[in-house]
Amino acid sequence: MHIWKTCLAVLAIGWAASVGNVGRAAQKGKPVIREAFGNAAGTPVEVFTLTNARGVEIRAMTYGAIITSIRVPDRKGVMADVALGFDALQGYLGQHPYFGAVVGRYGNRIGNARFSLNGTTYKLAANNGPNHLHGGVRGFDKYVWAAEPMSGGTGVAFTRVSADGEEGYPGRLQVRVSYVLTDANELEIEYQATTDKATPVNLTQHTYFNLAGQGAGTILDHDVMINADRFTPVGESLIPSGVLAPVDGTPMDFRKPMKVGARIDASTEQIKFGRGYDHNWVLNRTGDGLQLAARVVEPVSGRTLEVSTTEPGVQFYTGNFLDGTVRGKGGVAYPRRSGLCLETQHFPDSPNQPSFPTTILQPGSTYRSKTVWRFGVQ
Ligand code: BGC
């Protein structure tokens with residue numbers, strides 16, 4: 001790649017804000033750094049580095065609005081990158097299971113790759129057996145987005161326009177996704193979209209976490225709590241039946257923290273269909289604001305992750321389809337179950353499930369969704 005061409009634009013945002021605060025805060029987050037990151041089929045790609053006052057560093061690039069790294073401390077202050085992915089753009093341009101990406105227009109599955117809306121049946125790409133997964137053959141994860149650093153904080157906003165008819169979806173959709181890193185070690189992810197025709201929208205973030213860092217093995221010893229009394233059971237091809245089933249007495253019960261590995265190979269039908277955990281939980285919530293969805297603890301490093309969201313559901317996916325063939329950062333292999341995803345979202349197949357909360361965005365309305373990842377130690 002033309003490293004000599006790399007333009008490093010250090011932005012004054014943040015400095016300006018910090019000047020007035022010198023007396024109050026000893027440290028401030030650094031200005032957002034914007035750098036070239038290669039080309040995707042001839043289109044230049046940029047990467048943004050967000051660093052907060054505590055040295056937490058998150059990088060995200062314009063290809064797929066992908067979060068390429070998340071560097072957070074363990075309980076001794078040792079930093080590690082807790083997101084699976086690649087060192088260079090090249091890896092992301094090849095085959096990989098949505099590492100770090102924003103998925104859309106519809107995150108998760110739509111059964112039989114079709115849905116009906118206002119009397120019209122829309123056919124989508126069947127890219128997962130008979131079903132449509134994560135927006136189709138070329139979802140939002142495979143486009144170069146526009147991006148600008150945000151003023152007044154350590155953040156970056158990505159935008160793109162999804163054309164009317166893209167992957168079979170109706171309506172021209174204007175999308176904005178922003179990442180803001182706070183000094184409380186939180187990443188605030190906000191999604192917005194508007195359309196000119198009614199269309200399903202379900203955006204999520206597909207980062208694979210391993211809180212022990214790169215090359216650390218599986219996530220089976222991570223402890224996970226999911227704030228949900230119910231989940232949406234699926235059939236063999238992972239499409240929900242429409243029932244909201246209690247987790248009580250099943251391997252899906254994460255209301256108290258449990259080792260991921262404790263019941264992941266249980267001989268229940270749901271675990272067999274998912275080849276482990278690959279299901280949507282119905283979050284317990286009061287009101288429609290931010291609600292704690294899940295908490296993850298990696299006991300050796302002490303690193304923790306808390307996920308809060310305005311969404312009604314979370315897909316907990318334990319990387320069951322990783323198989324060690326993808327070589328990630330530093331050349332490490334990512335074996336089966338070496339990363340976990342907590343994809344906050346509306347329920348899978350909602351366009352075909354009248355009893356689920358609707359995912360249809362109407363012209364004149366704005367889709368808004370927010371998720372916060374809070375990194376800590378214990
Ligand atoms: C899905 C999995 C899929 C994975 C990667 C997850 O969101 O639920 O079934 O294999 O994404 O593609």
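One-based numbering, in listed order, for ligands and for the atoms of each. Bear in mind that the values here come from a model prediction, so they are computed numbers and not experimental data. Positions are given from 1, in the same order as the sequence printed here.
- Side-chain atoms of Ile271 and Asp265, non-hydrogen and from C-beta on, never get closer than 4.5 Å to each other.
- The distance from ligand 1 to the heavy atoms of Phe321 drops below 4.0 Å at these ligand atoms: 9 (O), 10 (O).
- In summary, of the residues considered (Asp196, Leu361, Thr194, Asp164), a side-chain contact (heavy atoms from CB on, under 4.5 Å) with Leu173 occurs for Leu361 alone.
- Salt bridge Asp81/Lys329: present, at least one basic N to carboxylate O contact under 4.0 Å.
- The Asp278 neighbourhood of ligand 1 comprises atoms 1 (C), 2 (C), 8 (O), 9 (O), with distances under 4.0 Å to a heavy atom of that residue.
- Look at Glu167 and Lys142 and you find no salt bridge, because none of the NZ, NE, NH1 or NH2 atoms lies under 4.0 Å from a carboxylate O.
- The pair Asp253-Arg263 does not meet the salt-bridge criterion, since no charged nitrogen lies less than 4.0 angstrom from a carboxylate oxygen.
- By the criterion of a heavy-atom distance under 4.0 Å, the side chain of Tyr208, and not its backbone, is placed next to ligand 1.
- Looking from atom 7 (O) of ligand 1 to the surrounding protein, the closest heavy atom is Glu343 OE1, 2.7 Å.
- Summary of contacts: the protein heavy atom closest to atom 4 (C) of ligand 1 is Tyr317 CE2, 3.6 Å.
- Atoms of ligand 1 lying under 4.0 Å from at least one heavy atom of Arg109, given by number and element, are 1 (C), 2 (C), 8 (O), 9 (O).
- Scanning all protein heavy atoms for the shortest distance to atom 11 (O) of ligand 1 gives His206 NE2, 2.8 Å.
- Considering backbone and side-chain atoms together, His134 places an N or O closer than 3.5 Å to an N or O of ligand 1.
- Classification of Arg255 and Asp229 as a salt-bridged pair holds, one side-chain N sitting under 4.0 Å from a carboxylate O.
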